[in-house]
Amino acid sequence: MKVSLARRLAAGVVVGDGGWGTMLAERGLPAGAPPELWTLQRPEILAEIARAYVDAGAELITTNTFGASPMRLSLHRLGDRFEEINRRGVEIVRAAVGDEVLVSASIGPTGRLLAPLGNADPAEVSRGFAEQARILVAAGADVLCIETMTDLEEATLAVRAARSISEEIAIIASMTFDITPRGPFTVMGVSVSQAAETLASAGATLVGSNCGAGVEEMRIVAKAFVEVATVPVAIQPNAGLPRRQDGVLVYPESPDRFAAAVAAMAATGVGLVGGCCGTTPAHIAALRRRIGR
Amino acid sequence: MSSLQELSEAVQRGDAAAASGATTALVGGDIGPADILNRALLPAMAVIGERFREREIFLPDVLLAARAMKAAMAVLEPLLLRDGVAKSGVVVLGTVRGDLHDIGKNLVSVMLQGAGYDVVDLGSDVDADAFIDAALDADAAVIGMSALLTTTMTEMAAVVRRIEERGLHDRLRTIVGGAPLSEAFAREIGADGFAPDATAAVERIRELVRR
Ligand code: B1M
């Protein structure tokens with residue numbers, strides 16, 4: 001029987017999955033090609049990655065829909081496949097992992113700046129997120145994961161849109177921070193306390209951070225969230241910033257160092273942990289060993 | 001009476017109306033338009049770039065400052081032309097193939113236009129031959145490329161190679177920039193220049209054109 005994310009969080013630390021974009025790149029996704037292309041072209045590879053993460057001990061698997069908002073897809077001239085990319089994105093993971101593992105449907109930023117700073121119409125952005133969330137929920141997602149946001153207004157629009165589609169679904173709202181001399185801020189100037197407060201009151205059931213520069217920086221962000229958040233905290237760092245070595249990309253954090261650092265964050269009160277860019281099933285397996293079942 | 005100081009502050013505050021007003025007031029006085037540009041506008045944007053790098057200010061502040069600079073330039077540009085301040089040249093700009101990050105490239109574009117260059121902005125996700133063809137079409141001496149991803153910075157090498165293949169390196173110089181790049185990387189791929197920020201990009205391009 002499926003246990004909801006809320007029940008799991010009440011029982012202890014929840015372990016999610018790791019990176020997807022970098023796993024796809026390793027398997028031959030051409031540099032710069034949108035990962036969503038493989039939902040259409042290589043579903044068997046997505047299924048294989050999902051199963052590898054479950055085998056590593058993940059209880060929650062992310063869908064390949066991060067860039068599948070209507071605006072973002074149209075940047076890649078994939079706008080006409082919007083419905084299919086989102087629906088199939090959920091279906092592929094569900095078929096691969098079965099009913100007991102949670103499917104967390106990813107919703108990423110539009111890639112455009114909202115007016116008046118940029119030219120994206122907030123009402124259109126909001127409609128796009130609602131449409132995406134509607135398809136993801138209808139396809140059977142257990143969780144909506146709004147992630148890698150830097151603009152609090154866009155993140156809030158996404159959370160409200162997602163909440164308007166389902167009153168009960170779990171919503172993770174996660175932003176990406178830089179460490180400045182005055183503490184963590186997103187590139188748009190949002191602080192951790194602003195993010196935690198605004199996103200929870202917009203309807204997020206978890207707030208937190210993903211991506212960023214690596215585990216050292218994320219430790220500072222996680223601490224700030226745990227101090228101020230009124231809902232459970234989700235933390236998914238990447239394996240450091242990639243470096244080019246002899247023509248290939250290398251992420252600096254080894255599975256062990258990653259797992260040690262993230263398990264330490266879990267010990268200080270983070271509810272959901274996982275990885276972002278550059279983390280692999282090996283990173284999640286190492287994390288699961290440290291956290292236990 | 002408006003001062004260069006007030007104009008610089010208006011740009012740094014991102015107040016487009018004040019920047020445009022201060023420029024209008026200044027051009028009636030005895031400071032020439034080139035001086036207004038070089039002593040108020042460009043230094044103001046250099047301060048903005050530096051404060052953003054230190055994260056004392058954030059992206060919205062930078063974008064608003066760039067907008068204020070543009071508003072001031074709209075007043076200044078006809079006067080610069082009238083004074084026969086020579087156009088500095090044509091630069092083709094774009095973000096390389098596979099990369100959609102265009103905010104940094106847009107700042108470089110604003111600064112170059114401020115410094116008197118005609119900019120042909122190809123947008124993002126630009127293919128090697130598109131850079132080269134646009135440069136030939138516009139008779140540009142410099143191709144400027146931006147990349148923000150470790151996975152797309154190698155595209156820059158492809159553009160440099162393509163320029164060689166087409167036998168155009170004596171005509172077309174390249175400059176590269178973007179957060180994950182370094183001087184060493186630029187040298188490794190054979191680019192002619194690298195700039196860590198938009199102000200430096202203007203200086204490096206000036207050197208490239210002079211050569
Ligand atoms: C010609 O000569 C020159 C000379 C100087 C030049 C120059 C050219 N170009 C730039 N310069 C220099 O002058 C400028 C002014 O001083 C400077 O420009 P910069 O561009 O460096 O600086 C700008 C003024 C401000 N900086 C920025 O605009 C980038 C900000 C961050 C937050 C960022 C944004 C906004 C976005 N992103 Co992206 N994004 C991040 C960035 C993280 C961060 N906090 O920096 C970064 C760059 N992104 C990243 C990633 C991974 C991605 N992003 C992606 C998407 C996006 C958005 C679309 C959502 C959005 C872009 C919107 C847009 N229209 O540009 C994806 C890729 C999409 C694609 N194919 O391009 C995606 C792959 C995420 C995903 N999983 O889908 C990371 C790159 C890691 C790496 N090193 O490879 C990243 C560092 C975030 C992170 N911490 O992981 C200088 O570098």
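Because the structure is predicted, anything quoted here is derived from the model rather than measured. In what follows, chains are A, B, ... by sequence order, proteins preceding strands, each numbered from 1. The analysis underlying the following values was restricted to heavy atoms, covering all of them including side chains, and did not include hydrogens, waters or symmetry mates.
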Using heavy atoms and a sub-4.5 Å threshold, report which of residues 73-83 of chain A line up against chain B, by residue number. A:Leu75, A:His76, A:Arg77
Counting only heavy atoms closer than 4.5 Å, note whether B:Asp102 contacts chain A via side chain, backbone, both or neither. neither
Which atoms of [X] are under 4.5 Å from chain B, going by heavy atoms: the side chain, the backbone, both sets, or neither?
{"X": "A:Asp151", "answer": "neither"}
{"X": "A:Leu117", "answer": "both"}
{"X": "A:Leu113", "answer": "side chain"}
{"X": "A:Thr150", "answer": "neither"}

Applying a heavy-atom distance below 4.5 Å, give me the residues of residues 142-151 of chain B that approach chain A, sorted by number. B:Thr150, B:Thr151
Residues in residues 50-64 of chain B near chain A [non-hydrogen atoms, under 4.5 Å]: B:Phe52, B:Glu54, B:Arg55, B:Glu56, B:Phe58, B:Leu59, B:Pro60, B:Leu63, B:Leu64
Please check if atom CZ in B:Arg13 has more than 12 non-hydrogen atoms from other residues, nucleotides or ligands closer than 6.0 Å. yes
If you draw a 6.0 Å radius around CD in A:Glu84, do more than 12 non-hydrogen atoms from other residues or ligands fall strictly inside? yes
What residues, two or more places apart in sequence or in another chain, satisfy salt bridge (charged side-chain N to carboxylate O under 4.0 Å, His left out) together with A:Arg27? A:Glu48
